[in-house]
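Reminder, nothing fancy here: chain letters follow the sequence lines and each chain counts from 1. On a predicted model such as this, the values are computed, not experimentally measured, just so you know.
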Amino acid sequence: MLQVMDYSKEPRRDILCIDVKSFFASVEAVERKEHPLKARIAVVSKPDSNGGLVLASSPMVKKLYGIKTGTRLFEIPKHARIDIVRPRMALYLEKNLEIISIFKRFVSDEDLHVYSIDESFLDVTQSHRLFGSTADIARQIQAFVWEELHLVVTVGIGDNPLLAKLALDHAAKHDQAHNFIANWHYEDVQETVWNIAPLRDFWGIGSRTEQHLNRLGIHSIRDLAQADVGKLKKKFGVIGEQLFFHAHGIDRTRLSESFVPKGTSFSKNQILNKDYTDKHEVEIVIREMAEENAMRLRRHHLSTGLVKLSIGFSRDVAERGFSHQLPIAQTDSSRKIIEGLLVLFYRHYQPIPVRVVNVTFGKIEPKSALQLSLFEPAEKLISQEDLDKTIDMIRKKYGYTSLLHASSLSSGGMAVYRSKLIGGHRSGIQK
DNA sequence: TCTGGGGTCCTAGGACCC
DNA sequence: TCTGGGGTCCTAGGACCC
């Protein structure tokens, strides 16, 4: 007996999920006046290190060498005729904005949800009178993006955001014959959604959840749709229930309601170029990362009330590392933030080689008036604040490298290197 | 010799309160 | 005399996404 859903009460919207084919690599191709589908480019996170990671590769590179996102640099054959390119995040961000401006010709702001640097959802239910059918709108967007930017976009169409996203990932991206557009609706779930394999390719299922499901005898999306919801809920909590409904193509998210940018945390993550055995060198890295993150706070007139520090140990040891957080008085002061992080660091430090450092600020709030602490004389507080602002101003004008704390100049310091990065990647902007 | 970086959400267990 | 119980908040860890 097949478990099938009654879709008559489910929302039916006209949702597009759009992404740019091999976005970073395609932008690089266009910059070189090449056709994005014919170019042979791989954008690699750290081209200088064998451990560098492919962030995007041209369709041709995928086809000829099987190189895709996540491939390591050392896995790329030496003889391969591929341009290995350093990421230019600032450039991609610019192109992203141009593409979004094209979307806005077709939908109002509330019906647009920018999901990532190269993926957006559009609810075009209200756009038909002006622009025609859903498929017409998809084709017009493709045409505009091609004419104006020479980029190829792929479009998934569905009754809700999930179906649109699945249509995009599992059909549109691979289907050049149909002009990179795919349409999935409730009626097609059994022939489309249920056939997605392996499990981990499904949105929301990673390798861990796949293993867990396998242990429960669930090996396909069809199996998942036939499973006992009660049991899933018991094993996975609310996620279990959600997985079950997703397997049936059900998703009640309304774009116009869901689009509430959270923005509650800022984080900096860094895999060090070697294992750090000297705790002072780790401290310096923490200071730098905190400083950069604090600059970001001040630039946006925000403050944090919670600092988190995660330390990952070297792969050579059995221990994994630790992660701790500490509430602090709402602040944007580098000094206070660093103080909190170092409390965490020295409270939990063990003499084990460190390879990964993560600094996160939580409880981010708009900065109101100057927040005075009861325990600190007001004058001292203000002067520290002025100092931070001055430092930021100079850095904004002359670049991060123009002002470094003395500690950053020792061998553990990577601030200079990192200053050339935006979002962890080279910005491509000359300082 | 091989470790990207920036996010969000969920959960279990403990502290604390009434 | 009693191993109460529920709510809320916090923390650490895990899992996922692009």
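For B:dC10, neither phosphate oxygen OP1 nor OP2 lies less than 4.0 angstrom from any side-chain nitrogen or oxygen of A:K233. An OP1 or OP2 oxygen of B:dT3 is reached within less than 4.0 angstrom by no side-chain nitrogen or oxygen of A:S314. Contact annotation: A:R296 side-chain N/O to B:dG6 OP1/OP2 distance is not under 4.0 Å. Between A:S323 and C:dA12 there is no side-chain N or O to OP1 or OP2 distance below 4.0 Å. Distances shown here put every side-chain N or O of A:T360 at or beyond 4.0 Å from the OP1 or OP2 atom of B:dG7. Proximity of A:K268 to the phosphate of B:dG6: a side-chain N or O atom is located under 4.0 Å from OP1 or OP2. Note on A:R200: every side-chain N or O is 4.0 Å or more away from OP1 and OP2 of C:dC16. For A:R208 and C:dA15, the shortest distance from a side-chain N or O to OP1 or OP2 is below 4.0 Å.
The 5' end of DNA chain B is approached more closely, in terms of each residue's nearest nucleotide, by A:F74 than by the other of A:F236 and A:F74. Where A:S49 and A:N293 each meet DNA chain B at their nearest nucleotide, the meeting point lying more 5' is that of A:S49.
Aromatic rings from A:Y92 and A:F24 are positioned such that their centres are separated by under 6.0 Å.
Within the 4.0 angstrom heavy-atom criterion, no nucleotide atom of any strand lies near A:K363. When heavy atoms are screened at a 4.0 angstrom cut-off, A:I205 is found touching the sugar-phosphate backbone but no base atom. At the heavy-atom level, A:R315 lies under 4.0 Å from base atoms of the strands shown.
With A:F266 as the aromatic partner, A:K268 does not meet the cation-pi criteria of under 6.0 angstrom to the ring centre and within 45 degrees of the ring axis.
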>> Could you go through A:E148 and A:R105, starting from their C-alpha distance and side-chain angles, then the distance that decides it, and tell me whether this counts as salt bridge (Lys or Arg N to Asp or Glu O under 4.0 Å)?
In response: CA-CA 14 Å; A:E148 296 172 30; A:R105 296 172 200 169; 2.9 Å; yes
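In this structure, A:E119 pairs ionically with A:K165, as a charged nitrogen and a carboxylate oxygen lie closer than 4.0 Å.
A 3.5 Å limit on both hydrogen-bonding distances identifies C:dG5 as the Watson-Crick or G-U partner of B:dC18.
Within a 6.0 Å sphere centred on NE2 of A:H219, heavy atoms belonging to other residues, nucleotides or ligands number more than 12.
Separating the P atom of B:dT1 from that of C:dC18 is a span of 34 Å, rounded to the nearest Å.
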